[in-house]
There are 2 protein chains.
Amino acid sequence: MNLSIAEENYIKSIYKLQEGDTVVTTNALAYELETKPASVTDMAKKLKDKKLIDYEKYKGFTLSAEGKKIALQIVRRHRLWECFLVDKLHFSWEEVHELAEELEHVRSEKLTNRLSEYLGNPLFDPHGDPIPDANGKLTKPRPQTSLDQATAKRVVVTAVTDQSTALLAFLNAKHIKLSTQLEIVEHYEYDNSIEIKIKQQPSITISEQVAKNIMVRPV
Amino acid sequence: MNLSIAEENYIKSIYKLQEGDTVVTTNALAYELETKPASVTDMAKKLKDKKLIDYEKYKGFTLSAEGKKIALQIVRRHRLWECFLVDKLHFSWEEVHELAEELEHVRSEKLTNRLSEYLGNPLFDPHGDPIPDANGKLTKPRPQTSLDQATAKRVVVTAVTDQSTALLAFLNAKHIKLSTQLEIVEHYEYDNSIEIKIKQQPSITISEQVAKNIMVRPV
DNA sequence: AATATTATTTAGACAAATCTAAATCATAAA
DNA sequence: TTTATGATTTAGATTTGTCTAAATAATATT
């Protein structure tokens, strides 16, 4: 199956919107891909011909088994490149998505597998999302919650959902990074702010708004 | 300047064929790009409009200053990725060209420079070709000759010109790799075969045909 | 149930990159 | 210098991915 970059992007976006087995609508996909519904309909026909999606007029689409397989390969490549960019080239979280978006289209299984090996076969990308293995199998995502919902006392940062420069600058200033261990000292009901402590540092208080965008898991 | 992948490939090939300041002909470029002369003429018009080449009907083309700059950026990315694939992912010489051909089209200066830094700012790629620096400056190529022409006694392997599986298998069996140091023990005039010695190993004799395809420089 | 609204598809067009076949130019040979 | 040959360009067509505007289907409202 030889797919164009455009076709790959459609497959990837359908996979993203599916989340389980929801039917994906024309409009939703057009919005996701920043294109027009008419273009989506055109592409849907092509992908149906290639048996990568199930599609009936006016009924939306879902990936076929083959389509899912290809989607997982693309996701695998994307997330591995993100790991590479962060771990090896020291990019920060928010910079890597765009670049990985391009690198993911280099379709070489050998390259992908070597890259994975080189990175130590990581199971999660820098945003905390699981990386499919060579067979397309996904580790179940870590049991992460946002920091404001956390019940454990000691947690480790797994992801940041808001990629705004403002938040990232804030986190940078406070030395909160991926894998940083936090101790939840106090939860103030009044404004839902949270007092946390990073080992060897004085404790700090962060607002609910910030806490909502920091994903953590129990350590 | 936002170039398509096709345009980048044309620029790169013109650069390759130019070698100094020779005028590149339509046919030569068509052959190099495995396309038809008519397509080359079409693209020549576009590149002329973008001021990347100098072109007059029936007179062939050369890169403009701007075109040369872009060509060097592409070459830089290509050769850095080749280094990455060989040094870090342990691909062998002959496998990397195709992959680098795809990776080179990710146009991010930041990525390119980080990659270069990560690799230790290499000056030569795995084939012995010089890598332009961030400003497009080229180190002058190493003074390499084919092994059968070598005058020095101790040399180091810098490249292999023939990429056939047969030759590569042979070299592999004899443990001759890039950067391998060789001592030239004897040169037999009868059949132009050469006796060489790799340190710690018994000396071996190789045919003229093999020697012609191994590039070396004095150590 | 009839009508209004929204979602989706169709029809027709366009730009990029390519092709084939025919025409034109440049140059080497007679 | 005329002719023949090969290189190059033009003309017109094709494919891919996109678009706008109009038509049609599905759904919600009255």
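Side-chain atoms are counted along with the backbone in the values below, which use heavy atoms only and exclude waters and symmetry mates. First the proteins, then the strands, lettered A, B, ... as listed; each starts at 1.
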- Using a cut-off of 4.0 Å on non-hydrogen atoms, how would the nucleic acid contact of A:Thr26 be classed: base, sugar-phosphate, or nothing? sugar-phosphate

- Any A:Lys57 side-chain nitrogen or oxygen under 4.0 Å from OP1 or OP2 of C:dT10: yes

- Message: Would you say B:Thr35 places a side-chain N or O within less than 4.0 Å of OP1 or OP2 belonging to C:dC19?
- Response: yes

- Message: Between B:Ser39 and C:dC19, is there a contact of a side-chain N or O with OP1 or OP2 at under 4.0 Å?
- Response: yes

- Heavy-atom closest pair, residues B:Tyr55 and B:Gly60: CD1-O, 3.6 Å

- Task: Using a 4.0 Å heavy-atom cut-off across all strands, classify A:Phe61 as base, sugar-phosphate, or nothing.
- Result: nothing

- Using the ring of each side chain (for Trp, its six-membered ring), is A:Tyr118 parallel, tilted or perpendicular to A:Phe84, with breaks at 30° and 60°? tilted

- B:His127 ring center within less than 6.0 Å of B:His97 ring center: no

- Query: How is A:Lys45 classified with respect to the nucleic acid when contacts are heavy atoms under 4.0 Å: base, sugar-phosphate, or nothing?
  - Reply: sugar-phosphate

- Message: Whether B:Asn27 contacts D:dG6 is assessed here as follows: a side-chain N or O lying under 4.0 Å from the phosphate OP1 or OP2. Is that the case?
- Response: no

- A:Asp42 has a side chain; which of C:dT8, D:dC19, D:dT9 sits nearest to it? D:dC19

- Message: Name the residue from A:Glu7, A:Glu101, A:Glu32 that meets the side-chain hydrogen bond (donor to acceptor under 3.5 Å, both in side chains) definition with A:Lys12.
- Response: A:Glu101

